[in-house]
Amino acid sequence: MDASHGTSATTATLTVGNESWDLPILKGTVGPDVVDIGKLYGQTGMFTYDPGFTSTASCESQITYIDGDQGILLYRGYPIEQLAENGDFLETCYLLLYGELPTAAQKADFDYRVTRHTMVHEQMNRFFHGFRRDAHPMAVLVASVGALSAFYHDSTDISDPQQRMIASIRMIAKIPTLAAMAYKYSIGQPFVYPKNDLDYASNFLNMCFSVPCEEYKANPILSRAIDRIFILHADHEQNASTSTVRLAGSSGANPFACIAAGIACLWGPAHGGANEAALKMLGEIGSVERIPEFINRAKDKNDPFRLMGFGHRVYKNYDPRAKIMQHTTHEVLGELGIKDDPLLDIAIELERIALQDEYFVERKLYPNIDFYSGITLRALGFPTSMFTVLFALARTVGWIGQWKEMIEDPSQRIGRPRQLYTGSTHRDYVPMARRK
Ligand code: SDX
């Protein structure tokens with residue numbers, strides 16, 4: 001059976017003892033077939049068991065396709081390499097939301113709509129001032145995105161398609177503003193308002209790096225680089241944070257609250273927090289000479305250390321995004337005149353050594369998107385604490401697109417997994433006096 005092209009069979013048979021059940025096999029346009037187990041419990045009284053969802057398709061989707069063995073990533077069928085090379089982030093947002101590349105008129109209209117939703121309610125400023133200045137920007141972002149549902153009541157009725165689209169546009173438009181506010185707040189500088197005459201990426205850089213004392217001149221090469229980084233991070237099928245958004249949305253929760261749940265999940269170091277952790281790891285390694293020591297630690301089962309930015313649940317080949325990110329790293333460092341970045345030297349040597357090491361080769365562990373992104377973002381002027389915030393900024397369109405797809409799926413029901421229970425069976429209450 002070829003997982004990337006499915007089987008010719010239309011049913012799978014499950015046999016337990018002397019009983020058998022036929023389960024339908026469903027086929028996608030590309031990728032592994034699925035065995036529909038929706039009626040399994042009713043037929044057999046048994047659940048399936050797959051805690052990390054390594055073999056479980058949680059939904060049907062038409063947005064993003066990943067072939068982990070080939071290192072392929074398609075957004076609505078278009079290869080990530082072509083989108084990153086030829087389009088801009090808002091074109092990718094349109095594609096992910098509407099399913100087709102926009103015409104020139106559609107793109108201009110979309111850009112206009114997003115641009116005019118970039119401001120946040122002025123009252124949000126006071127909301128920020130409740131945080132300590134040293135709060136992690138991800139904590140501030142989770143809270144402020146969740147707080148949007150306290151401000152935009154006119155786009156929280158998820159049964160209204162118009163409100164769903166307004167909420168989607170608002171999220172895409174306001175997430176850079178909130179991300180920049182989280183950064184400015186953490187460094188004690190005044191918030192910078194969006195500027196409608198700047199493109200999405202330049203506007204974000206301006207809101208982050210402009211100060212009242214002097215104009216910020218967005219470097220087009222750097223704006224293009226951050227725009228491309230947003231494209232690379234925009235969506236990625238049913239990853240942990242997207243699955244969180246879908247599960248939260250399946251209860252009917254408003255989109256802002258669902259996106260806040262996705263941001264919370266992304267924060268973890270095994271997921272979107274890996275870019276921050278990878279740069280910290282490169283700093284901890286400190287020199288090319290110490291790489292073997294850390295490679296050995298990563299292989300030592302008794303050591304919790306892992307190579308951050310390496311490995312992936314789906315990619316068992318080079319993450320196509322990591323290749324583009326590595327190219328962008330060299331482009332940004334070149335534009336900034338950074339001749340040799342010791343962390344980049346360590347990253348390149350670490351990758352070289354790891355990709356020749358049996359442990360990594362055997363487990364098909366390759367650099368993922370987080371391996372090089374930190375070096376690029378640091379060169380652009382962002383502190384490590386902002387790296388996952390930028391990941392969340394870019395992934396917001398993926399989350400909102402997947403949320404919309406789920407809400408608009410007529411077969412959509414509340415997500416409610418079951419369990420394998422291994423706790424105590426029935427036992428009666430013991431009064432305090434009789435407890436030992
Ligand atoms: C992202 O899902 C997505 O699509 C996520 C993402 C997206 O765009 O949304 O692509 C973004 O989250 C990328 C991944 C960022 N995380 C990291 O870089 C953290 C380091 N990587 C690992 O924690 C790990 O590789 C995961 C979490 C990414 C994947 O974990 P899995 O699929 O559960 O794999 P596993 O932990 O079962 O590992 C398989 C084997 C194990 O060894 P054995 O028990 O078989 O001997 O590989 C080893 C692991 O110990 N291993 C590593 C390793 N990653 C896996 N060993 C050392 N260093 C690593 N980085």
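What you are looking at is a predicted structure, and each value in this text was computed from that prediction instead of being measured. Each ligand, and each atom within it, is numbered from 1 in the order the structure gives.
At a 4.0 Å heavy-atom cut-off, ligand 1 touches Tyr359 through the side chain alone. Contacts between Val314 and ligand 1, counted as non-hydrogen atom pairs separated by less than 4.0 Å, are absent for every part of the residue.
The number of heavy atoms from other shown groups lying within 6.0 Å of CD (Gln356) is above 12.
With atom 8 (O) of ligand 1 as the reference point, the heavy atom nearest to it among His312, Arg321, His233 is part of Arg321.
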ask   = side chain to side chain contact (heavy atoms under 4.5 Å, CB included) between Leu377 and Ile226: does it pass, once the steps are laid out?
value = CA-CA 8 Å; Leu377 298 176; Ile226 198 85; 3.9 Å; yes
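The shortest separation from a heavy atom of Lys299 to ligand 1 is not under 4.0 Å, leaving the residue out of contact.
Taking every non-hydrogen atom of Ala274 and a distance limit under 4.0 Å, the qualifying atoms of ligand 1 come out as 15 (C), 16 (N), 17 (C), 18 (O). Close contacts between ligand 1 and Gly311 involve ligand atoms 25 (O), 28 (C) [criterion: under 4.0 Å to a heavy atom]. Close approach of ligand 1 to Arg313 (heavy-atom distance below 4.0 Å) involves ligand atoms 29 (C), 31 (P), 32 (O), 33 (O). Close approach of ligand 1 to Gly309 is summarised as follows: ligand atoms under 4.0 Å from at least one heavy atom of the residue are 17 (C), 18 (O). The ligand atoms of ligand 1 that sit less than 4.0 angstrom from a heavy atom of Lys301 are 42 (O), 43 (P), 44 (O), 46 (O), 50 (O).
Not a single N or O atom of Met308, backbone or side chain, sits closer than 3.5 Å to an N or O atom of ligand 1. For ligand 1, none of its N or O atoms has an N or O atom of Ile369 under 3.5 Å away. Where the criterion is an N or O separation shorter than 3.5 Å, residue side chain and backbone included, Asp319 fails it with respect to ligand 1. The distance criterion of under 3.5 Å between nitrogen or oxygen atoms is met by Leu307 with respect to ligand 1. Between Arg395 and ligand 1, at least one pair of N/O atoms sits closer than 3.5 Å. At under 3.5 Å, not a single nitrogen or oxygen of Phe360, backbone or side chain, sits near a nitrogen or oxygen of ligand 1. Considering backbone and side-chain atoms alike, Asp370 places every N or O at 3.5 Å or more from each N or O of ligand 1.
Protein heavy atoms are found inside the 4.0 Å sphere centred on atom 46 (O) of ligand 1. For atom 29 (C) of ligand 1, the nearest protein heavy atom lies under 4.0 Å away. The presence of a protein heavy atom under 4.0 Å from atom 37 (O) of ligand 1 is ruled out.
Across Tyr75, Trp399, Tyr315, a single residue satisfies ring-ring contact (aromatic ring centres under 6.0 Å, His included) together with His236, and that is Tyr315.
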